[in-house]
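Can you keep this structure in mind? I'll have questions shortly.
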Amino acid sequence: MVLPNISDREIARRGRDLYDRTIRARVETADNIGKIISIDLDTGNYEIGEDILDLSTRLQLKSPNALIWAERIGFNAVYAVGGALTKVNLS
């Protein structure tokens with residue numbers, strides 16, 4: 001795997017932008033709320049499921065050098081440590 005010369009902050013910015021612009025409307029459904037989405041930032045391909053490692057592996061099988069960003073659909077974070085996940089407003 002080739003490590004990109006890009007900051008974590010830039011990965012998050014690009015991931016959030018891609019999700020908001022082109023993916024959110026398709027995936028934020030009642031069936032998907034609470035699931036994890038992993039997105040290949042270069043291709044826009046994504047996988048949805050329960051296991052972030054499995055989702056990322058599936059994307060890397062399609063594109064070995066995929067730059068991957070993930071989030072929990074309908075929430076403000078993938079995981080919460082010492083706190084609680086906050087459900088976002090879907091309207």
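Because only heavy atoms are used, hydrogens play no part in the values below, and waters and symmetry mates are left out as well, while side chains stay in.
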From CG (D42) to CG (L59), nearest 0.5 Å:
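Taking CG in D42 and CG in L59, the distance rounds to 11.0 Å.
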Y19 and side chain to side chain donor-acceptor pair (under 3.5 Å): which partner among E28, R24, R14?
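By the side chain to side chain donor-acceptor pair (under 3.5 Å) criterion, Y19 pairs with just one of E28, R24, R14: E28.
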Just wondering, more than 12 heavy atoms not from R26 lying within 6.0 Å of its CZ?
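For R26, atom CZ is crowded (more than 12 foreign heavy atoms under 6.0 Å).
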Cluster check W69, I37: I/L/V/M/F/W/Y, side chain < 4.5 angstrom:
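Same hydrophobic cluster.
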If I compare all heavy atoms of L67 with all of I11, which pair ends up nearest, and what's the gap?
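L67 and I11 have their closest heavy atoms at CD1-CD1, 3.7 Å.
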Mind checking the CZ-CZ spacing from R21 to R16? Nearest 0.5 Å is all I need.
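Interatomic distance, R21 CZ to R16 CZ, rounded to 0.5 Å: 12.5 Å.
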Note, K35 side chain near V27 side chain (heavy atom, < 4.5 Å)
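When only atoms from C-beta onward are counted, V27 and K35 do not touch, as no gap falls below 4.5 Å.
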Can you name the nearest heavy-atom pair linking I68 to S38, along with the distance?
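Scanning both residues, the minimum pair turns out to be CG2-CB, 4.0 Å.
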Do you know which two heavy atoms are closest between D40 and L18, and how far apart they sit?
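Closest approach of D40 to L18: O-CD2, 4.1 Å.
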With rounding to the nearest 0.5 angstrom, report the CD1 to CG distance, I36 to D51.
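Result: 7.5 Å between the selected atoms.
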Are more than 12 heavy atoms from other residues, nucleotides or ligands located less than 6.0 Å from atom CG of D8?
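For D8, atom CG is not crowded (no more than 12 foreign heavy atoms under 6.0 Å).
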A70 and I52: which non-hydrogen atoms are nearest, and at how many Å?
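Residues A70 and I52, closest heavy atoms: CB-CD1, 3.6 Å.
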Mind checking salt bridge (Lys or Arg N to Asp or Glu O under 4.0 Å) for R58 and listing every partner two or more places apart, or none if nothing turns up?
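Checked R58 against salt bridge (Lys or Arg N to Asp or Glu O under 4.0 Å); matches are E47, D54.
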